[in-house]
**Student:** 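Take a look at this one; I'll ask things after.
The chains referred to below are lettered A, B, ... by the order of the sequence lines, with proteins before strands, and numbering in each begins at 1. Side chains included, hydrogens not; waters and symmetry mates left out as well; all remaining heavy atoms used.
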Protein chains: 2
Amino acid sequence: MFSKSCEYAIKASIFIAQKREGVQCVRVKEIAKGINAPEHFVAKILQELSRKKVISSMKGPNGGFCMNEAQINKPVLDIVLLIDGDGILNNCVLGLEHCSSSNPCPMHLEYQKIKLSIKNMLEKNTIRDFNNLLVAKKAVLFTN
Amino acid sequence: MFSKSCEYAIKASIFIAQKREGVQCVRVKEIAKGINAPEHFVAKILQELSRKKVISSMKGPNGGFCMNEAQINKPVLDIVLLIDGDGILNNCVLGLEHCSSSNPCPMHLEYQKIKLSIKNMLEKNTIRDFNNLLVAKKAVLFTN
DNA sequence: CATAAAAATGTTCTCAAAGTCCTGCGAATA
DNA sequence: TATTCGCAGGACTTTGAGAACATTTTTATG
């Protein structure tokens, strides 16, 4: 479904939202541990998210990554589009180059419904929504 | 969604179902052309499908691949499970090793619905269903 | 101002999936 | 029974995502 990068991006964002108390920043190392992901790889993804203003960053001592209210309230779709592009919403399920309702592959019509429900789900759920589940101990970000 | 192998497997199966008039076989070369895929790679996938009885094969002159009635009436899910495994139905959307309703990732509940609709779609649609669209000229297997 | 901490940047390494190539073997038919 | 066509299947190459490493830049603070 998502690329590894995108999985990490989503998990990292939720993790930052969760740890963010006040304006405090979270360091890469802590994030990587918290979501059980390779540190350097996560660092690179966070840079990308930061450059595109999906999250914020502070250099220097006590620096790290953080999110403001507006960022926390963004739909998860924003992250997905940024990291994986819109392929998940547009690509043909059978890999045809030009597959559309006017020139569909055999599975197009059926798969269109799936894509819509995916889009819907990613649009209506924000980082905050998923973070709330975490805070309420109704979900976890990593397992052993 | 699917691996390239799986895309080719589905397209090839639909193509064979479509070309199959009577008991005639379709050669690899023709299949590869018809679904716009690398011939040798398709050959390998078709061997796999044939070994697992999802399609049939005939050696020698006028040989090739074909499908009987029972095979054509199988749900597409059979092919997907054979080539890609059940990951598409079971894997965690955020890549957690042990993600379940009793120990869910934040997106688990929402994504569960998507997975169910995918399973449903792949179960209720047979090769024949998709082939029918092709025959009715309401779909194509490759584009330029 | 010096120093240390942490993000930013860019390069390189690794590995599995995708794709290609090659040779052997079996079946059909003239 | 020999010849031809096409499957069987292993081995190899390519490609790109994922991951690790090294260096630079920025900033807080003593």
**Student:** Under 4.0 Å from OP1 or OP2 of dA7(C): is there any side-chain N or O of R51(A) that close?
**Tutor:** no

**Student:** Does K44(A) or Q47(B) map to a spot on DNA chain D nearer the 5' end, using the closest nucleotide for each?
**Tutor:** Q47(B)

**Student:** Counting only side-chain nitrogens and oxygens, does S57(A) get under 4.0 Å of the OP1 or OP2 atom of dA8(C)?
**Tutor:** yes

**Student:** Would one find a side-chain N or O of N62(A) under 4.0 angstrom from OP1 or OP2 of dT29(D)?
**Tutor:** yes

**Student:** Around atom NZ of K74(A), are there more than 12 heavy atoms from other residues, nucleotides or ligands closer than 6.0 Å?
**Tutor:** no

**Student:** Give a yes or no on whether a salt bridge exists between E30(B) and K33(B), defined as a side-chain N under 4.0 angstrom from a carboxylate O.
**Tutor:** no

**Student:** Specify the separation, in whole Å, of atom CD1 of I83(A) and atom C1' of dA17(D).
**Tutor:** 13 Å

**Student:** Which residues pass the salt bridge (charged side-chain N to carboxylate O under 4.0 Å, His left out) test with K124(B), not counting sequence neighbours?
**Tutor:** E110(A)

**Student:** Heavy atoms only, 4.0 Å cut-off, all strands: where does K29(A) land among base, sugar-phosphate and nothing?
**Tutor:** nothing

**Student:** Give the rounded distance in Å between these two atoms: CD of E48(B) and P of dG19(C).
**Tutor:** 16 Å

**Student:** Specify the residue among S5(B) and V28(A) whose closest nucleotide of DNA chain C lies further upstream toward the 5′ end.
**Tutor:** V28(A)

**Student:** Does Y8(A) put a side-chain nitrogen or oxygen below 4.0 Å from OP1 or OP2 of dG18(D)?
**Tutor:** no

**Student:** Enter the distance from F65(B):CZ to S56(B):OG here, rounded to the nearest 0.5 Å.
**Tutor:** 10.0 Å

**Student:** Output the single nucleotide from dA8(D), dA19(D), dA28(D) whose closest atom is nearest the side chain of P38(A).
**Tutor:** dA19(D)

**Student:** Rounded off to whole Å, could you give me the CD-to-P distance for the E30(A) and dA7(C) pair?
**Tutor:** 11 Å

**Student:** Whole angstrom is fine here: how far is it from CD1 in I55(A) over to P in dA6(C)?
**Tutor:** 16 Å

**Student:** Between A43(B) and M58(A), who's closer to the 5' end of DNA chain D by nearest nucleotide?
**Tutor:** A43(B)

**Student:** Whole angstrom is fine here: how far is it from CZ in F65(A) over to P in dA5(C)?
**Tutor:** 18 Å

**Student:** Between dA7(C), dC21(D), dG18(D), which one does the side chain of K4(A) approach most closely?
**Tutor:** dG18(D)

**Student:** Measure from the side-chain heavy atoms of F41(A) and tell me the nearest of dC21(C), dG18(D), dA18(C).
**Tutor:** dG18(D)

**Student:** Testing I83(A), I55(A), V54(A) for side-chain contact (heavy atoms from CB on, under 4.5 Å) with E48(A), which one passes?
**Tutor:** I83(A)

